[in-house]
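Here's the structure we're looking at; comments come further down.
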Amino acid sequence: MRFSNFPISTTKETPADAEVISHQLMLRAGLIKRIAAGIYTWMPLGLKVVRNVERVVREEMENAGAVEVAMPVVQPAELWQESGRWEQYGPELARLKDRHERDFCLGPTHEEVITELAKSEIKSYKRLPINYFQIQTKFRDEIRPRFGVMRSREFVMKDAYSFHEDHASLEKTYWRMHEAYSTIFDRLGLDYRPVEADTGSIGGSHSHEFHVLADSGEDDIAFSTESDFAANVELAEALTPDAVPAEPEPMTMFDTPDTKTIDALEKKYGVAASASIKTLFVEGEDGELVALVLRGDHQLNQIKAEKLPGMSQPLKMAQEEAVKAATGASFGSLGPVGLDARIVVDRAASVLSNFVCGANEDDKHLRGVNWHRDINTFEVADLRTVAAGDPSPCGKGQVEIKRGIEVGHIFQLGTKYSEAMRAEVLDQNGKSVPMSMGCYGIGITRIVAAAIEQNNDENGIIWPEAMAPFSVVLIPLGMDKSENVAEATEALYADLKARGVNVAMDDRKERPGVKFADCELIGIPLRVTVGERSLADGVVEIQGRREAEATRVAIVDAAQHLAERVSG
RNA sequence: CGGGGCGUAGCGCAGUCUGGUAGCGCACCACACUGGGGGUGUGGUGGUCGCAGGUUCAAAUCCUGCCGUCCCGACCA
């Protein structure tokens, strides 16, 4: 590719609304252009990167035995009504009507369509297992699109759906996908971790997320300091801490005017947050109040709470008026003592003795409170989000928390959709059984942003080789003036192309500084400078994007040298 | 959905308080110089000042409504 014939639309200035580095660099390098909130055009240079990611993903999916299909973006409401998600999904599902006033939606994912396909296509266990995948544009009307293509409304995703006659077969494909994903992210040159995850709104039993580690990530991942354990903090189990029960003190009430928070309690009365508890009220499935009790310094994990039997989904915090009517006290003075409601206590809170809590009387708290003696009926559950320094759920080491960008997610769906949509096959006994399903996603366009978050410096993007729009860029200096330079560059360009190297030549009539700056900003891994000065010695200068100094290589060896570096 | 900010040339911004000829930098075009790290000079192109209504002799500027966009919040008792 010649840059004289390829739009390099870089800018020096960063658009004001780009917050994270990848978004800034993608705009500055001219990879994407915003057309509306969360909706972008991929420019020629950016599209090359997207295609490279797609290529690696496609190859590894095929290696793992998946077959490619292309499903529609616009999907009929009937399918979504059948699965129950037309009502469940909420405003994130972009709905539209056709000219006949029939309901449709823009596919945010494709379980319904694929299940319908498998249902009509597969009648016998003999055709199982099968794993269909597609690489396709999705639309989710995100509440808050941000960070460019990291969380956009329209995005490209690879999604795959496998079908099985039983769970054992699903399990096998699931781990095959786990392996394929690892290969994909290895090939793409990303620093990533597979992480145990919540199954979320899609539902199902077992799940791993693949996260690219980066500070700008939107998820918190809990790691063990001593093992391979990694889990989304949404899911990571908080163990019961060891605690020696103290000699019970008498329970006494004390005045706490204008003390609405644990923080205030700590500052004004010297009560350690870890020696106090807080009581939160949520609505159960029948709308009745449920008290959730946590240690003052701990955080409620909504996902864990939601999974308790009898809870509303999604979890609904109770209104203050309702709480006041039930307890007689306002937020800030609530506690479990004398409460006539279901009480669920977090493990860590349940091993406290002589703790402080609200008295269910405004501006008053109790101290010296003890479980069993002062509160008789309660359940104990894992309710809180793990924090750094907690013992690791795996039993070894401590929890360490890092930020991650979710770029892949694999689920075992089981029979959730096949049952709802009656996607059944005849098994060996001639009996009709719902197929077991797995589902496996990779955010293609998000990977592009995630790769930049991980690979950049003050001069711009540094593409991993597999993603780079070009592997090598030739920079001729004074090409229009010097015939030597022009000839040498053209010859090298032709040689590299003949060797199958993805090479570009910056033959624009720009000053050298502009060319150097541009090729660094757009992140080309290898740069070859061809100028009169070095040509006089029969050499060209080759510099890796991460290298501080160029290497002089004889012009006759340059093509060979470059071809080896690209492939190796 | 709640709170806040912003909307003036492709991009980054000033001008708005205090109404009176729409500006600057980058980018773009032309020419000249320059020619191994975003170079210099001269001359140019480009704007219904987000939209609609109102006040006024006069509105980018004041008033009302709407739209777009960004940030924060929706997790605490």
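Below, read A as the first sequence line, B as the second, and so on, with proteins coming before strands; counting in each chain starts at 1. Predicted model, so just to flag it, every value in this text is computed and none were measured.
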Mind running a 4.0 Å heavy-atom check of [range] against RNA chain B and sending the residues that fall below it, in number order?
| range | answer |
| --- | --- |
| residues 363-376 of chain A | none |
| residues 544-555 of chain A | none |
| residues 514-526 of chain A | A:Val514, A:Phe516, A:Ala517, A:Asp518, A:Glu520 |

Q | All salt bridge (charged side-chain N to carboxylate O under 4.0 Å, His left out) counterparts of A:Glu532, not counting sequence neighbours | A |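 Listed in chain order: nothing, the list is empty.
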**Q.** salt bridge (charged side-chain N to carboxylate O under 4.0 Å, His left out) against A:Arg565, all qualifying residues, sequence neighbours excluded
**A.**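 Counting only residues at least two positions away or on another chain, A:Arg565 forms a salt bridge (charged side-chain N to carboxylate O under 4.0 Å, His left out) with A:Glu547.
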Base, sugar-phosphate, or nothing for [X], non-hydrogen atoms under 4.0 angstrom?
| X | value |
| --- | --- |
| A:Thr261 | sugar-phosphate |
| A:Thr14 | sugar-phosphate |
| A:Gly531 | base |

Residues [X], [Y]: salt bridge by 4.0 Å N-O rule:
| X | Y | answer |
| --- | --- | --- |
| A:Arg403 | A:Asp219 | no |
| A:Arg546 | A:Asp457 | no |
| A:Glu541 | A:Arg533 | no |

Taking the [atom1] atom in each of [N] and [M], what is the distance between them to the nearest angstrom?
| N | M | atom1 | answer |
| --- | --- | --- | --- |
| B:C24 | B:C72 | C1' | 32 Å |
| B:G50 | B:A58 | C1' | 23 Å |
| B:G12 | B:G19 | C1' | 27 Å |
| B:U42 | B:C51 | C1' | 40 Å |
| B:G53 | B:C29 | P | 38 Å |
| B:G20 | B:U56 | C1' | 12 Å |
| B:A52 | B:C28 | C1' | 34 Å |
| B:G23 | B:A60 | C1' | 12 Å |

Q.
Measure CD/A:Glu532 against P/B:G36 and give the value in whole Å, please.
A.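 Result: 11 Å.
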(Q) Just the rounded figure in Å: distance from P of B:A74 to CD of A:Gln302. (A)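 That distance rounds to 10 Å.
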Q. Within a radius of less than 6.0 Å around NZ of A:Lys509, do more than 12 heavy atoms belonging to other residues, nucleotides or ligands occur?
A.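 At most 12 heavy atoms, drawn from other residues, nucleotides or ligands, come within 6.0 Å of this atom.
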(Q) We want to know whether A:Glu154 and A:Thr137 form a side-chain donor-acceptor pair, criterion being a heavy-atom distance below 3.5 angstrom. (A)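 No, no side-chain donor-acceptor contact under 3.5 Å.
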Q) Under 3.5 Å, is there a donor-acceptor pair linking the side chains of A:Asp297 and A:Ser274? A)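 No pair is found: no donor N or O on one side chain lies under 3.5 Å from an acceptor on the other.
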Q: If a protein heavy atom is under 4.0 Å from the base, mark B; if only from the sugar-phosphate, S; if neither, -; do that for nucleotides 4-10 of chain B going 5' to 3'.
A: -------
Please produce a list of atom pairs where a protein N or O lies less than 3.5 Å from an N or O of nucleotides 67-70 of chain B.
residue	atom	partner	partner atom	Å
B:U69	OP1	A:Ala37	N	3.3

Side chain to side chain donor-acceptor pair (under 3.5 Å) against [X], all qualifying residues, sequence neighbours excluded:
| X | answer |
| --- | --- |
| A:Asp537 | A:Arg552 |
| A:Glu142 | A:Arg151 |
| A:Ser22 | A:Glu453 |
| A:Arg367 | none |

Q.
Between A:Val233 and A:Ile221, is there a side-chain heavy-atom distance shorter than 4.5 Å?
A.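 Contact flag for A:Ile221/A:Val233 side chains = no.
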Q | Contact check, side chains of A:Val293 and A:Phe355, non-hydrogen atoms, under 4.5 Å | A |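 A side-chain contact under 4.5 Å is absent here.
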Q: Run the numbers on A:Arg85 and A:Thr109 for side-chain contact (heavy atoms from CB on, under 4.5 Å), then give the verdict.
A: CA-CA 11 Å; A:Arg85 288 207 294 182; A:Thr109 174; 3.6 Å; yes
Q. Should A:Lys12 be listed as having a side-chain N or O under 4.0 Å from OP1 or OP2 of B:A27?
A.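 It does, given that an N or O in the side chain of A:Lys12 lies less than 4.0 Å from OP1 or OP2 of B:A27.
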Q | From B:G38, B:G37, B:C75, nucleotide with atom closest to A:Gln543 side chain | A |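 Selected nucleotide: B:G37.
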Review item, nucleotides 32-34 of chain B N/O atoms under 3.5 Å of protein N/O:
residue	atom	partner	partner atom	Å
B:U34	O2	A:Arg511	NH1	2.4

